[in-house]
Each structure stands twice: as C-alpha cells, then as structure tokens.
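Remember, predicted model here, so these are calculated numbers, not experimental data.
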Amino acid sequence: MPLGRYQRTTARPSLILTGPAATGKTTALLEVGRARHLAPTRRHPPTPGQQPVVPVAHAPPPPRHPV
C-alpha cells in the first residue's frame, strides 16, 4: 500500500473495505488473514517438538463520535 506523500512512515497501515452485503468482503478478509498467517509458517516451519509462532492482528473498532 503506497503511503501518501506527506504521511508519516510510522503510521500503521490500514484498510477500509466497503461494499454491498453478500459480495464476499468477510470471505476476502479471511483469505487474506489465512495467507498472511501461513506465509511465515511455510518459509520457516517449526522444528519437531517446537510450537509454531502465530502472528496476531489487532483490528480496533472506529472511534465513536459524541452525539
């Protein structure tokens, strides 16, 4: 994802996914998460007896605006 010209490089990358219901938004995100999870495991498989490392993603809800 290219950063905006004046965006700080320390900003966290983000993604907003919109669209009508039943178009596959959740399925697409699940597949992206699955691919993201499996990529390092395939590159660096755990040795026998070692627990695999599981990447964790945090998706905070958008802030609530006062009414």
Side-chain angles (χ1 to χ4, degrees):
M1 174 185 305
L3 296 175
R5 183 175 178 174
Y6 299 105
Q7 187 175 6
R8 293 175 32 200
T9 57
T10 58
R12 286 184 254 167
S14 60
L15 172 70
I16 298 173
L17 190 63
T18 63
T23 57
K25 297 180 298 289
T26 301
T27 302
L29 288 177
L30 288 171
E31 287 302 311
V32 167
R34 182 176 182 272
R36 177 67 183 101
H37 167 73
L38 292 176
T41 305
R42 287 183 180 141
R43 279 194 305 260
H44 308 287
T47 58
Q50 180 186 13
Q51 292 292 325
V53 176
V54 179
V56 176
H58 176 67
R64 294 185 183 195
H65 297 288
V67 180

_Test of understanding: with side-chain hydrogen bond (donor to acceptor under 3.5 Å, both in side chains), list the residues that count as partners of Thr27, not counting sequence neighbours._
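For Thr27, no residue satisfies side-chain hydrogen bond (donor to acceptor under 3.5 Å, both in side chains) once neighbours in sequence are set aside.
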*Looking at residues at least two apart in the chain, or sitting in another chain, which of them share a side chain to side chain contact (heavy atoms under 4.5 Å, CB included) with Arg42?*
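Applying side chain to side chain contact (heavy atoms under 4.5 Å, CB included) to Arg42 gives Leu38.
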*Could I get the full list of side chain to side chain contact (heavy atoms under 4.5 Å, CB included) partners for Ile16, not counting sequence neighbours?*
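Only Thr18 meet the side chain to side chain contact (heavy atoms under 4.5 Å, CB included) criterion with Ile16.
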*Do any N or O atoms from the side chain of Lys25 and from the backbone of Leu17 form a donor-acceptor pair under 3.5 angstrom?*
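Pair absent, no side-chain N/O of Lys25 close to backbone of Leu17.
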